[in-house]
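Residue numbers run from 1 in the order of the sequence given. Order of appearance sets the numbers: ligands from 1, and atoms from 1 within every ligand. These numbers were taken from a predicted model, which means no experiment stands behind them.
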Amino acid sequence: MACQAIKTFYGHIIYARDEKKLVEYKSGALGVDQSGRIYFCGSREDLDLEVKAGECRIEESFDLGEKLILPGFVDTHLHLPQFGQTGKYGKHLLGWLESFIFPEEAKFKDEKYAHKISEWFFEELLKNGTTTANIFTTIHKQACNAAFEVASKTGIKAVMGKVIMNRNCPDYLSEDSKDAIKHSVELMEKWHGHDNNRLLYAFIPRFAPSCTNDLLNQIGEQLKANPSVYMHTHVSESAAEVKWVQELFPEAKSYTDVYARAGLLGPKSVLAHAIHLNEHDYKAICDTDSALSHCPSSNFFLKSGAFAFATCEKKQIRFGLGSDIGAGPQMSMFQVMKDGFYIQPDLWIEPAKLFYRATLGGAKALNLHETTGSLEAGKDADFIIVNTERKSNIPANILQKEIDEILSSLIFLGDDRIVESTFVRGKCVFGASLLNSLVST
Ligand code: GUN
Ligand code: ZN
C-alpha cells in the first residue's frame, strides 16, 4: 500500500467503542488522511512505529498537550426554527406549541429570515461541539432548502427535512397533502446523499395529531419507494397528547401503532421522546428496529415525564440523546447528558453510558455509526478539542484521574465553554487557530 500522508493531532483521546467499553490514550495520536478520514487513532508510540515502518508520513502535526480529543457529539433530535424560542416557560407541550412555537415557525415563510436563523443555528451547533444532528425545519420548502444550503457550507453531518402537517394546527401552518408530499420529494431529490452522504433527507410528519391517516399513508409509500431516506417524528411525549391520539386514531393499538400501520417504522425511523409507552408501543418499536431520541432537558422543561432508560437498554432499542431545542433550553450535549442523569428518579446512570449515548449510541440511532460517533480508523475525522481549564470549577488535576472521574466532571461541570475547537473531516470549523500548537518539522 502507498505511504499515506497524514495530519496528526496529539492529545488525550477518549471515545466510546460500545455501551460498556471506553477507549483512552492519555498520550494519544489522531492521524487524519487527505480525504478527512481517520487513518490512525492510538498511542503516540504506535504511530511512531508506523511512521518508522514507512506506512505513513506525517505532513503536519499539532501538539495539544493535555487537552482532550473527543468525538463530535451527535444530537438525535432538535428544531432549527425554535432556536430563538428557548426558555419560554409555563405550559405543557400542547399549550407551549400553540403559544410560542407555531407563531415563530410561521415566520419561516420568509426565506431571508429562515436563512438568517439557519446561519445562527449551525454556527452554535459547531460551537457546542455537535458535528452530527437530526433536525426538524418547518413546513416551508424554501426554509428547509435554506437550512440545507447553510449546512452544506459548514460541512456538518445532518439529517433534515421539511415538517409535514395537514390538521390540528393553525391555518397558516396547515398544508395541502399533495403539496406536502410534492415539496418533500423535491427536497429529498435535491439533498439526500449530498456531499458524500454528509446531508441526508428525512420525511417529518410533525406528530400523529397533525396528520390525517391518509397523509401518513402517503408518507409510508414514499418511504417504501426510498428505503435509504429517514423518517423523523415525535411519539408519546405528554400524557395529554397520548390521550388525544387514542381519540383521533381509535383503531390503533397504541400511539406507535399509528405509525406502524402507515408503514412509517423501520431502521431509518427516529421517534423523539417516547416517554409514555405501553407494551404495544415497545413491540412496534422492537419489531421494526426503529430508534428513539431521549431528550431529557426538554422533558424537564415541559414537565413531560421521564424516559424509561433502563427498559430501553434492556430491550436493546437503539437510542441516542437529543437537545430538542427549543423545548430543551440548551444545545450543549454536556448539559443534555447531565439532565439525562438528573431526570431519572431512581437510576444512577454511569458517566460512560451517558457519553456513549451522546456519541456512538446517537450515531447508531441514526444509522450513521459506520462513519461517525467514535474515533476509529476509517470514520470521518469529526472531533472536538476540549480544554477543561476554560471552566474554573473543573479541578485542575482532573485529567490525571481515572477515566470515569474525568467523564463525570465533563458531564456535571461541562458546557460550551470547554469546547475549544470543532473539526469536521479533519478541518477546523470552529475555534481558535491551532497554529501555536503546530509542531515544527
Ligand atoms: N410535538 C409536536 N411538535 C413538537 C415540538 O415542536 N416540540 C416538542 N418537544 N414536541 C412536539
Ligand atoms: Zn421535538
Side-chain angles (χ1 to χ4, degrees), residues 75-108 117 121 133-140 143-144 147 159-170 173-175 202-211 215-216 230-245 248 255-256 258-259 264 269-276 291-307 319-331 336 339 343 362 365-366:
D75 188 334
T76 56
H77 176 70
L78 77 169
H79 300 250
L80 181 154
Q82 298 177 14
F83 194 40
Q85 289 300 91
T86 53
K88 304 285 183 193
Y89 101 106
K91 299 196 178 191
H92 285 112
L93 171 67
L94 301 174
W96 172 83
L97 285 172
E98 290 285 341
S99 303
F100 306 119
I101 298 307
F102 291 151
E104 176 64 18
E105 291 195 5
K107 295 186 194 163
F108 284 68
I117 302 290
F121 174 87
N134 189 28
I135 302 166
F136 267 53
T137 61
T138 61
I139 63 157
H140 310 98
C144 181
V159 183
M160 279 198 290
K162 78 166 229 64
V163 167
I164 297 175
M165 297 197 261
N166 72 342
R167 66 165 170 172
N168 292 322
C169 58
L173 286 182
S174 187
E175 310 167 272
F203 280 86
I204 305 188
R206 180 172 211 118
F207 64 161
S210 65
C211 299
L215 182 54
L216 293 176
Y230 287 77
M231 198 287 296
H232 184 188
T233 190
H234 297 94
V235 77
S236 301
E237 178 177 359
S238 84
E241 172 204 7
V242 175
K243 190 162 165 283
W244 192 22
V245 170
L248 291 170
Y255 192 151
T256 316
V258 172
Y259 298 141
L264 301 190
S269 303
V270 182
L271 311 172
H273 303 294
I275 295 170
H276 308 277
L292 304 180
S293 171
H294 169 31
C295 307
S297 313
S298 158
N299 303 156
F300 259 142
F301 187 76
L302 295 178
K303 299 194 185 296
S304 302
F307 178 78
F319 71 95
L321 292 179
S323 66
D324 193 24
I325 292 286
Q330 77 273 314
M331 270 183 180
V336 174
D339 286 340
I343 205 162
L366 300 183

Ordered by chain then number, the protein residues lying under 4.0 Å from ligand 1 by heavy atom are His79, Gln82, Leu93, Trp96, Leu97, Arg206, Phe207, His234, Glu237, His273, Asp324, Ala327

Nearest-0.5 Å distance that lies between atom OG1 in Thr137 and atom CZ in Phe121:
10.0 Å

Taking ring pair (Phe, Tyr, Trp, His ring centres under 6.0 Å) as the definition, give me every residue that meets it alongside Phe307, ordered by chain and number, with sequence neighbours left out.
His294, Phe319

So how far is it from Phe136 CZ to Ile164 CD1, rounded to the nearest 0.5 Å?
10.0 Å

For the side chain to side chain donor-acceptor pair (under 3.5 Å) test, which of Glu237, His234, Glu241 pairs with Tyr255?
Glu241

For the Zn ion (ligand 2), how many protein N, O or S atoms lie at less than 2.8 Å?
4

Give a yes-or-no answer on whether the side chains of Ser99 and Lys88 include a donor-acceptor pair shorter than 3.5 Å.
no

Hey, does the side chain of His276 reach the backbone of Ser304 with a donor-acceptor pair shorter than 3.5 angstrom?
yes

Would you call Glu175 and Lys162 a salt bridge, using N to O less than 4.0 angstrom?
yes

With Ala202, which residues qualify under side-chain contact (heavy atoms from CB on, under 4.5 Å), at least two apart?
Val159, Ile204, Tyr230, His232

Taking all non-hydrogen atoms of both residues into account, name the closest pair between Val336 and Ser323 and its distance.
CG2-CA, 3.8 Å

